[in-house]
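Report on one structure; see the data block that follows.
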Amino acid sequence: MTRITKRFRTLNRSLHLQSQRETSNSWNSQMRELAKHGHYRQSLHLYRRLLRSGGSPTAFTFPFALKSCAALSLPAAGAQLHAHAVRAGCEPDPFVQTALIAMYCRCGSVENARKVFDESPQSKTLTVCYNALIAGYVYNSQMENGIVLFLRMRELDVWVNAVTVLGLVPGFTDPVHLGFGRCVHGFTVRCGLEMDFSVGNCLLTMYVRCGSIELARNLFDGMPMKELITWNAMISGYAQNGLATHVLELYREMESSGISPDPVTLVGVLSSCANLGARKVGLKVEQQVECSGLGFNPFLKNALINMHARCGNLARARAIFDDMTEKNLVSWTAIVGGYGVHGQGEIAVGLFDEMTKSGIQPDGTVFVSILSACSHAGLTDKGLDYFALMERDYGLKPGPEHYACMVDLLGRAGRLAEAQGLIESMPVETDGSVWGALLGACKIHRNVELAELAFDRVIKLEPMNTGYYVLMSNIYTEAENSEGVLRVRMMMRERKLIKDIGCSYIEYKGRNHLFMAGDRSHPQTEEIYRILNELEGLVKELSGYKKNYQERRNEELVSGIGVHSEKLAIAFGLLNTGLGMEILVIKNLRICGDCHLFIKLVSKIVDRQFIVRDATRFHHFEGGACSCNDYW
DNA sequence: TTAGGGTTAG
C-alpha cells in the first residue's frame with residue numbers, strides 16, 4: 001500500500017470518526033433540548049432514530065434518554081437503556097450512573113438504584129450519586145434510608161452540597177421530622193449552604209410542612225434577600241395553615257417591596273380571601289389576573305371559583321366554572337363546596353352526580369364537600385347514600401373527617417342515637433372532631449346527658465381545645481345548670497386554658513378592620529359605640545327580644561367580656577357605609593345566639609342584606625323577610 | 001441529583 005493510500009485511509013477514518021462525533025453531538029444536543037423542555041417522548045424517539053441510523057450512543061446520550069424514561073415512568077425502557085449503556089461501556093461515567101440511579105428511583109425500583117450505587121466503587125465517593133439516591137429514597141417515601149445515607153456521607157467525609165440538602169429536606173413533612181430537619185438546618189448554617197436561595201426556600205417549606213410556622217417565619221425574617229419563591233413559600237405556608245390575615249399582610253408587604261406576584265402567589269392570596277371573606281382584595285386580585293394574562297391558569301381559575309363562592313358571589317363562581325373548558329376534580333370540589341356553604345344542597349348534589357357521570361373519579365375531599373352540603377341542606381338520606389357509596393363504588397375508606405360530617409348530618413336531623421352508634425362502630429381511629437360534632441348536635445337538640453358523654457370523650461382526645469369547653473358550658477347555660485357551668489370553668493382554670501378571644505373582621509375600602517369583644521382601640525370607637533347604642537335601642541323595641549336581650553347583656557357585663565365583636569363590626573359598617581352596604585363579618589368563633597338575633601333584627605330595621613361569615617359557614621340576613629339558612 | 005401552587009367537615 002502506497003504512502004498516499006495509507007494517508008488517504010487514515011484521513012478517511014478520521015473524517016468518518018469526526019463526522020460520527022459531530023452527528024452524535026448533534027443528536028445529543030437535540031435530545032437534551034427536547035428533554036429540557038419536557039418533550040420526553042420525542043427525546044426517546046430521537047434516541048431510537050439514532051440507533052436505527054446505525055449511530056452509537058455516547059456517555060452524553062444516556063443521561064437525557066434515561067431522564068425521559070424517568071419522567072415517563074418507563075421502567076422497561078429504562079432497563080433496556082441500562083443494558084445499552086453497559087454494552088457501550090458508558091456505565092462507569094458518573095453522569096450515566098447518576099441518571100441510572102434517578103431513573104430507577106423515579107420508576108419505583110429503589111433496589112435497582114441501590115444496586116447501581118453499590119456495584120460501582122467510584123459512586124461511593126461521588127456527591128452526585130449520593131444526591132440522586134438520597135432524593136430517590138425521599139421520592140419513594142423511604143425517609144429512614146435517605147437519612148442513613150446522608151449520615152454515611154458525612155461519616156465518609158463526602159462533600160455535601162446544596163443539591164444534597166434539596167433532595168433530603170423535602171422528605172421532612174411531619175412534626176416528628178422537625179428535630180432532624182432542624183439539625184440539617186444547623187448543618188447548612190455551619191457550612192454556609194443556608195445562603196443558597198434554593199436551600200433557604202426548601203428549609204422554609206420544611207418548617208411549614210412540619211407544622212412550625214413560627215420557625216418558618218423566623219427563617220424568612222432572617223433572610224437578607226428574598227426572591228419571589230421565598231415570598232411564595234411563606235405566603236402559601238400561611239395560607240395552608242389557615243392564617244389568612246397573615247397572608248394578606250405579607251402580600252401587601254411583598255407588593256410594597258416591589259416584587260410582582262406570579263400565579264403561585266395569587267393562588268395563596270385568593271385562598272386566604274376566600275377564608276376571610278375579603279371580597280374587595282379578592283376582586284382586586286381577579287383584576288390583576290385578567291390584566292396580566294394569567295386568566296387561563298387552571299390553578300387560578302379554581303382559586304377564583306372558591307374565592308367568589310366563599311365571598312358570597314355564587315353566580316360569578318358558577319360562571320367561571322361553566323366557562324372552564326377543562327374542569328378538574330378541584331374545580332368540581334370548589335363549586336360543590338360553594339353550593340354547600342350556601343345551603344343549596346340540591347344543586348351541589350346535582351353537580352356531584354354530573355361530575356361522576358363525566359368520568360371524574362371523586363376523592364376523599366370532594367366527599368367531605370358533598371357530605372357537608374347534604375348536612376347543611378338537611379338532605380340526610382342523600383348524605384347517608386353518598387357515605388355508603390364512597391367505599392362501595394369508589395373504594396375510598398372514610399376517614400375521621402367523613403365520620404365527623406356524618407355525625408353532623410345525623411345530629412342536625414335529631415338522630416342523635418344513630419350518630420352515637422356510628423361513632424362507636426367506627427373502624428378507623430376516632431379523633432376529637434367526631435365527638436365534637438356530636439357535642440354540637442347535642443347543643444342544637446338540648447340533650448345534656450349525651451353532651452356530657454361526648455364532652456368527656458372529646459376532651460380526652462383534645463384536652464387543650466377551648467372550643468369544646470365553651471360549647472359544653474353553653475349547653476349547661478341553656479339548661480340552666482349553673483353547677484355544670486362552674487364545673488367546666490373550673491376545669492378550664494385547672495388546665496390553664498383561656499378562651500380564645502372572639503374577633504370579627506369587616507372589610508372596608510379593601511382593608512380588614514378587626515374588632516375584639518369590648519374593643520375600644522379603633523380610632524372611631526366613640527362613634528361606633530354611639531351607633532351601637534342607637535341600634536340596641538331600636539332592637540330592644542322589638543317584641544320578644546327585650547327581656548332576653550337584657551339578660552344576655554347582664555351576663556356579658558358580669559363575665560366582663562363587654563360588647564361582642566360582631567356588634568362592633570356591624571356598627572362600624574353602618575357608620576362608614578350607611579345603609580347601602582353589604583357586610584362581611586368573619587369570626588374565629590361561632591356567633592352566639594344573642595348576636596345572631598341582634599344581626600337578624602338589625603337587618604330588618606335597616607332593610608338590607610347582611611352576609612355574615614363565621615369560621616365555617618355563611619349566614620344570610622335579609623331585611624324584611626328573614627331567610628336565615630341556619631340551624632340554631 | 002435540586003427550592004414555591006388549588007379543593008375539606010366539626
Side-chain angles (χ1 to χ4, degrees), chain A residues 63 67 70 94-95 97-99 101-102 105 126-136 138-139 161-170 196-206 208 227-237 239-240 262-268 270-271 274 297-307 309 328-338 340-341 363-373 375-376 399-409 411 431-441 458 462 465 467-468 471 590 615-617:
Chain A
K67 191 182 174 174
F95 290 105
Q97 274 195 4
T98 312
I101 294 170
C105 289
L126 290 172
T127 301
V128 273
C129 291
Y130 277 92
N131 290 355
L133 194 54
I134 289 175
V138 170
Y139 183 80
N161 65 11
V163 181
T164 322
V165 178
L166 296 174
L168 179 69
V169 170
D196 183 298
F197 272 130
S198 311
V199 170
N201 297 334
C202 181
L203 288 167
L204 177 52
T205 311
M206 180 271 291
V208 170
E227 50 174 15
L228 178 61
I229 292 185
T230 319
W231 288 95
N232 285 352
M234 197 65 235
I235 286 178
S236 306
Q240 283 155 20
D262 76 346
V264 179
T265 331
L266 298 178
V267 159
L270 282 171
S271 127
N297 183 308
F299 283 82
L300 274 172
K301 283 207 172 192
N302 291 341
L304 281 169
I305 294 172
N306 189 41
M307 183 275 291
N328 64 19
L329 180 57
V330 178
S331 327
W332 288 94
T333 307
I335 198 72
V336 167
V341 291
D363 67 353
T365 307
V366 73
F367 267 105
V368 170
S369 291
I370 192 64
L371 292 176
S372 101
S375 177
H376 291 164
E401 66 275 30
H402 301 104
Y403 279 95
C405 287
M406 292 311 290
V407 170
D408 187 57
L409 177 102
D431 68 4
S433 66
V434 183
W435 286 106
L438 186 64
L439 188 62
V458 78
E462 289 184 33
N465 190 329
Y468 298 128
L471 196 51
R590 278 190 176 189
T616 50
R617 60 177 62 81

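Quick note on labels: first sequence line is chain A, next is B, and so on, each numbered from 1.
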CZ of A:Phe197: more than 12 outside heavy atoms within 6.0 angstrom? yes
Expected string for nucleotides 1-6 of chain B under the B/S/- scheme (protein heavy atoms, under 4.0 Å, primed atoms plus P, OP1, OP2 as sugar-phosphate) is BBBBBB
How is A:Ala404 classified with respect to the nucleic acid when contacts are heavy atoms under 4.0 Å: base, sugar-phosphate, or nothing? base
Take atom NE2 of A:His402 and atom P of B:dT7, then tell me their distance rounded to the nearest Å. 16 Å
What are the two closest heavy atoms between A:Cys129 and A:Gln97, and how far apart are they? SG-OE1, 3.9 Å
For atom CD1 of A:Ile335 and atom C1' of B:dT8, their distance in whole Å: 16 Å
If every non-hydrogen atom of A:Val138 is compared with every non-hydrogen atom of A:Gly167, which pair is closest and at what distance? CG2-O, 3.4 Å
Separation of B:dT8 atom C1' from A:Asp408 atom CG, nearest Å, is 13 Å
Do side-chain atoms of A:His402 reach the backbone of A:Gly364 as a donor and acceptor pair under 3.5 angstrom? yes
Any idea which heavy atoms bring A:Leu371 and A:Leu409 closest together, and the distance? O-CD1, 4.1 Å
Does a donor on one side chain sit under 3.5 Å from an acceptor on the other, for A:Ser375 and A:Asp408? yes
Within this structure, what is the CG-to-P distance between A:Leu304 and B:dT7, rounded to whole angstrom? 12 Å
